[in-house]
Chemist: 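I have a structure I would like to understand better, so I am pasting it below and will then ask my questions one at a time.
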Amino acid sequence: MTENSTSKVVRGLKGVAAAETRISYVDFNGFLYYLGYNIDDLVGRVTYAEVAYLLVHKRLPNRQELERFKSELVSSMRLPDQIVDSIARSPIDSHPMDILRTEVSHLGLYDPDGEVFSKETNIRRATRLIAQVPVIVATIFRTRQNQPVLEPKDEFNLAQNFLYMFTGRMPEAAESNVLHRYMTLHADHGFNASTFAARVTASTNSDMYSAITSAIGTLKGPLHGGASEKVMDMLDDINLEQEIEEYIMGLLDDQKKIMGFGHRIYRAQDPRTKHLRGMVEDLCHRERTMRLFKKCFQIENIVYSRKKIYPNVDFYAAVTMDALGVPKEYFTPFFASSRISGWVAHVIEQYEDAVLLRPESKYVGGFNIPFVPMENR
Ligand SMILES: CC(C)(COP(=O)(O)OP(=O)(O)OC[C@H]1O[C@@H](n2cnc3c(N)ncnc32)[C@H](O)[C@@H]1OP(=O)(O)O)[C@@H](O)C(=O)NCCC(=O)NCCS
């Protein structure tokens with residue numbers, strides 16, 4: 001039997017560059033760039049809409065372009081009635097991420113651009129998805145709370161509308177500022193698993209909704225975006241400050257992973273962590289946030305001294321979300337509502353690259369095994 005290829009297996013694709021991208025760069029020394037801009041220079045200085053524009057259009061907008069983009073986003077923040085009805089009919093115990101995955105796929109049936117797949121229509125689709133994914137998340141929450149689904153406000157930007165449509169109250173300036181920064185930090189991150197999943201789907205020339213559905217299903221896993229919900233489970237599990245050390249050491253002794261720690265690429269601190277930690281500190285006037293922050297800080301020190309690994313984006317993101325009043329099962333949906341801008345940018349880039357992403361596998365099974373008819377098995 002001959003081997004098909006001389007390629008060797010790279011377990012988990014560690015260190016493999018699957019394609020070229022201009023969108024973002026994850027530097028293992030602890031830096032992250034969007035289209036060449038260091039995120040440290042963007043966070044707190046741009047709105048999330050500017051970041052979304054940057055990712056999709058590959059340059060920062062001028063004032064006029066931003067105004068036009070913002071009004072396009074707000075006018076896209078209405079869901080077809082069928083989607084709202086379907087959310088209301090989803091099983092009461094289903095996870096919001098499962099509903100989000102289903103409804104993004106469902107949304108593809110009502111695309112006003114139909115089967116036209118030009119660059120122009122893909123940019124329009126991308127813009128609509130950036131606006132509609134947060135609205136699906138807000139609609140799931142409001143429906144489950146038996147609260148009316150709210151219309152977006154024309155004078156609000158995307159992050160403000162997201163908070164308003166989710167919580168039902170006017171967001172304070174400090175809260176929408178935190179959400180802009182959170183969404184900026186979560187907008188893109190190289191060829192992470194969900195982005196890669198989206199690109200694989202797009203590489204077959206399948207439609208953008210299919211690609212984003214793949215991405216959402218991939219983000220959901222606890223080794224990826226699902227980690228922040230698990231971080232909150234852990235913080236909820238630890239009742240007293242005195243129990244922290246024993247709890248964390250116990251997990252490490254049992255060779256368990258501490259959620260919100262470690263990273264495939266970074267060998268230094270995840271550059272997003274310092275921003276999220278700072279955002280949580282800014283919200284520490286809330287007594288609960290202060291308590292959670294102290295727990296997190298202690299866990300960070302214990303894990304570092306024992307394993308020399310750092311917290312990743314999901315660790316302080318959990319407390320940030322909690323401080324904004326977001327229940328833990330909505331943490332990953334908020335992540336998806338931010339990462340959608342990176343996903344659609346990558347899908348468009350993948351269409352332009354026009355190559356099928358199709359790796360090989362190393363077959364380790366047998367050959368020419370004698371066939372046994374059913375009656376003899
Ligand atoms: C993100 C993650 C999947 C990266 O995995 P990876 O690149 O395949 O790295 P590995 O899982 O092989 O880990 C390498 C080493 O670090 C340890 N490690 C990595 N993350 C760890 C964690 N969260 N807790 C404890 N140990 C961890 C591993 O046990 C392993 O140690 P060893 O060499 O002594 O066996 C992994 O760090 C993880 O599972 N983290 C927890 C989930 C999480 O927070 N995900 C969000 C990522 S942004």
Side-chain angles (χ1 to χ4, degrees), residues 21-27 30-77 123 126-135 137 152-166 171-190 192 195 270-283 313 316-317 320-321 323-324 334-346 348-349:
T21 181
R22 286 176 56 202
I23 299 171
S24 63
Y25 178 54
V26 180
D27 178 339
F31 300 99
L32 172 60
Y33 300 87
Y34 294 166
L35 276 303
Y37 295 97
N38 189 320
I39 54 148
D40 293 344
D41 292 330
L42 297 176
V43 182
R45 295 167 82 185
V46 291
T47 58
Y48 166 70
E50 274 171 271
V51 174
Y53 188 100
L54 170 69
L55 293 169
V56 173
H57 295 269
K58 296 201 165 81
R59 61 179 175 81
L60 283 170
N62 61 31
R63 205 175 293 281
Q64 243 181 356
E65 287 165 333
L66 180 62
E67 283 315 310
R68 210 176 314 125
F69 186 61
K70 274 161 61 179
S71 60
E72 262 182 80
L73 289 173
V74 175
S75 62
S76 305
M77 288 186 101
I123 289 188
T127 308
R128 282 195 297 271
L129 275 162
I130 291 169
Q132 288 174 332
V133 166
V135 180
V137 173
K153 290 195 174 290
D154 288 339
E155 65 277 22
F156 280 180
N157 58 43
L158 190 135
Q160 283 171 314
N161 261 323
F162 187 15
L163 266 183
Y164 164 68
M165 293 170 82
F166 189 88
E172 291 167 20
E175 290 175 324
S176 35
N177 194 281
V178 164
L179 191 59
H180 278 300
R181 288 187 278 164
Y182 168 96
M183 293 181 90
T184 297
L185 289 164
H186 284 76
D188 200 46
H189 206 234
N192 59 88
T195 299
D270 182 328
R272 301 164 297 179
T273 302
K274 60 179 181 294
H275 294 287
L276 286 156
R277 197 196 288 110
M279 282 150 65
V280 173
E281 270 181 289
D282 289 349
L283 296 165
V313 69
Y316 284 101
T320 310
M321 286 286 99
L324 289 181
F334 265 72
F335 188 159
S337 300
S338 320
R339 183 58 58 84
I340 180 65
S341 53
W343 287 334
V344 290
H346 279 274
I348 293 171
E349 190 179 57

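Below, all heavy atoms of this structure are taken into account, side chains as well, without hydrogens, waters or symmetry copies.
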Chemist: Using the side-chain contact (heavy atoms from CB on, under 4.5 Å) rule, take Leu54 and Val46 through it: C-alpha gap first, then chi angles, then the decisive distance, then the call.
Modeler: CA-CA 11 Å; Leu54 170 69; Val46 291; over 6 Å; no

Chemist: Considering non-hydrogen atoms only, spot the tightest contact between Ala126 and Ile348 and give its length.
Modeler: CB-CD1, 4.0 Å

Chemist: Taking ring pair (Phe, Tyr, Trp, His ring centres under 6.0 Å) as the definition, give me every residue that meets it alongside His275, ordered by chain and number, with sequence neighbours left out.
Modeler: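 Scan of His275 (ring pair (Phe, Tyr, Trp, His ring centres under 6.0 Å), adjacent residues dropped) gives none.
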
Chemist: Is there a side-chain contact (heavy atoms from CB on, under 4.5 Å) between Ile123 and His57 once you walk through the steps?
Modeler: CA-CA 8 Å; Ile123 289 188; His57 295 269; 3.7 Å; yes

Chemist: If you compare all heavy atoms of Tyr34 against all heavy atoms of Ser24, which two are closest, and at what distance to 0.1 Å?
Modeler: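 Nearest pair, atom of Tyr34 first, then Ser24: CD2-CB, 4.0 Å.
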
Chemist: Is there a side-chain contact (heavy atoms from CB on, under 4.5 Å) between Glu50 and Thr47 once you walk through the steps?
Modeler: CA-CA 5 Å; Glu50 274 171 271; Thr47 58; 3.4 Å; yes

Chemist: Taking the six-membered ring for Trp and the full ring for Phe, Tyr or His, determine whether the centres of Phe166 and Phe334 are under 6.0 Å apart.
Modeler: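 Ring centres of Phe334 and Phe166 closer than 6.0 Å.
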
Chemist: With sequence neighbours excluded, tell me which residues meet side-chain contact (heavy atoms from CB on, under 4.5 Å) with Val26.
Modeler: Leu32, His189, Ile265, Tyr266

Chemist: Please list, chain by chain and in numerical order, all residues satisfying salt bridge (charged side-chain N to carboxylate O under 4.0 Å, His left out) with Arg59, sequence neighbours excluded.
Modeler: Glu65

Chemist: Keeping Asn161 on the side-chain end and Pro152 on the backbone end, is there a donor-acceptor pair under 3.5 Å?
Modeler: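 Side chain of Asn161 to backbone of Pro152: no pair is present.
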
Chemist: To the nearest 0.5 Å, what is the distance between CG on Leu185 and CZ on Arg339?
Modeler: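 Rounded to the nearest 0.5 Å, the CG-CZ separation comes out at 10.5 Å.
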
Chemist: Please name all residues satisfying side-chain contact (heavy atoms from CB on, under 4.5 Å) with Glu72, sequence neighbours left out, ordered by chain then number.
Modeler: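 Partners of Glu72 under the side-chain contact (heavy atoms from CB on, under 4.5 Å) test: Thr127.
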
Chemist: Given side chains that start at C-beta, do those of Phe156 and Ser176 come closer than 4.5 Å, heavy atoms only?
Modeler: no

Chemist: Going by the side-chain contact (heavy atoms from CB on, under 4.5 Å) test, name the single residue among Leu179, Asn177, Val178 that passes it with Met279.
Modeler: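 The single option meeting the side-chain contact (heavy atoms from CB on, under 4.5 Å) with Met279 is Val178.
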
Chemist: First locate atom CZ of Arg128, then atom CD1 of Ile340, and finally report the distance between them rounded to the nearest 0.5 Å.
Modeler: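 Nearest 0.5 Å value for the CZ-CD1 distance: 12.0 Å.
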
Chemist: Can you sort out the partners of Phe31 under side-chain contact (heavy atoms from CB on, under 4.5 Å), two or more places apart, ordered by chain and number?
Modeler: Asp27, Asn29, Tyr33, Asn38

Chemist: Under a 3.5 Å distance rule, please check whether Gln160 uses its side chain to pair with a backbone N or O of Asn157 as donor and acceptor.
Modeler: yes

Chemist: If we check side-chain contact (heavy atoms from CB on, under 4.5 Å) with Leu158, which of these qualifies: Val74, Leu163, Val135, Ile130?
Modeler: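 Running side-chain contact (heavy atoms from CB on, under 4.5 Å) over Val74, Leu163, Val135, Ile130 with Leu158 returns exactly one hit, Ile130.
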
Chemist: Heavy-atom distance under 4.5 Å between the side chains of Leu55 and His346, does that happen here?
Modeler: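 Leu55 does not reach His346 side chain to side chain.
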
Chemist: From Trp343 CH2 over to Asn192 CG, what is the distance, rounded to the nearest 0.5 angstrom?
Modeler: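 One finds 8.5 Å between CH2 of Trp343 and CG of Asn192.
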
Chemist: Apply the test side-chain contact (heavy atoms from CB on, under 4.5 Å) to residues Lys58 and Ile23: give CA-CA distance (whole Å), side-chain angles for both, the deciding distance (0.1 Å), then the verdict.
Modeler: CA-CA 7 Å; Lys58 296 201 165 81; Ile23 299 171; 4.3 Å; yes

Chemist: Once you round to the nearest 0.5 Å, how far does CD of Glu67 lie from CZ of Arg63?
Modeler: 8.0 Å

Chemist: Taking all non-hydrogen atoms of both residues into account, name the closest pair between Phe69 and Ala52 and its distance.
Modeler: CE2-CB, 4.1 Å

Chemist: Output the distance between atom OG (Ser337) and atom CG (Leu129), rounded to the nearest 0.5 Å.
Modeler: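 Taking OG in Ser337 and CG in Leu129, the distance rounds to 11.5 Å.
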
Chemist: Can you tell me if Glu349 uses its side chain to pair, donor with acceptor, with the backbone of Arg22 under 3.5 Å?
Modeler: yes

Chemist: Short question: side chain of Ser338, backbone of Ala187 - any donor-acceptor pair under 3.5 Å?
Modeler: no

Chemist: Would you please name every residue forming a ring pair (Phe, Tyr, Trp, His ring centres under 6.0 Å) with Tyr182, sequence neighbours left out?
Modeler: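 Per chain and number, Tyr182 pairs via ring pair (Phe, Tyr, Trp, His ring centres under 6.0 Å) with His186.
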
Chemist: Is the closest side-chain heavy-atom distance between Arg181 and Asp282 below 4.5 Å?
Modeler: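 Counting from C-beta outward, Arg181 and Asp282 do come under 4.5 Å.
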
Chemist: Would you give the length of the straight line joining atom CG of Leu283 to atom OG1 of Thr320, rounded to the nearest 0.5 angstrom?
Modeler: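 OG1 of Thr320 is found 7.0 Å from CG of Leu283.
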
Chemist: Tell me if the CD atom of Glu155 is crowded by more than 12 foreign heavy atoms within 6.0 Å.
Modeler: yes

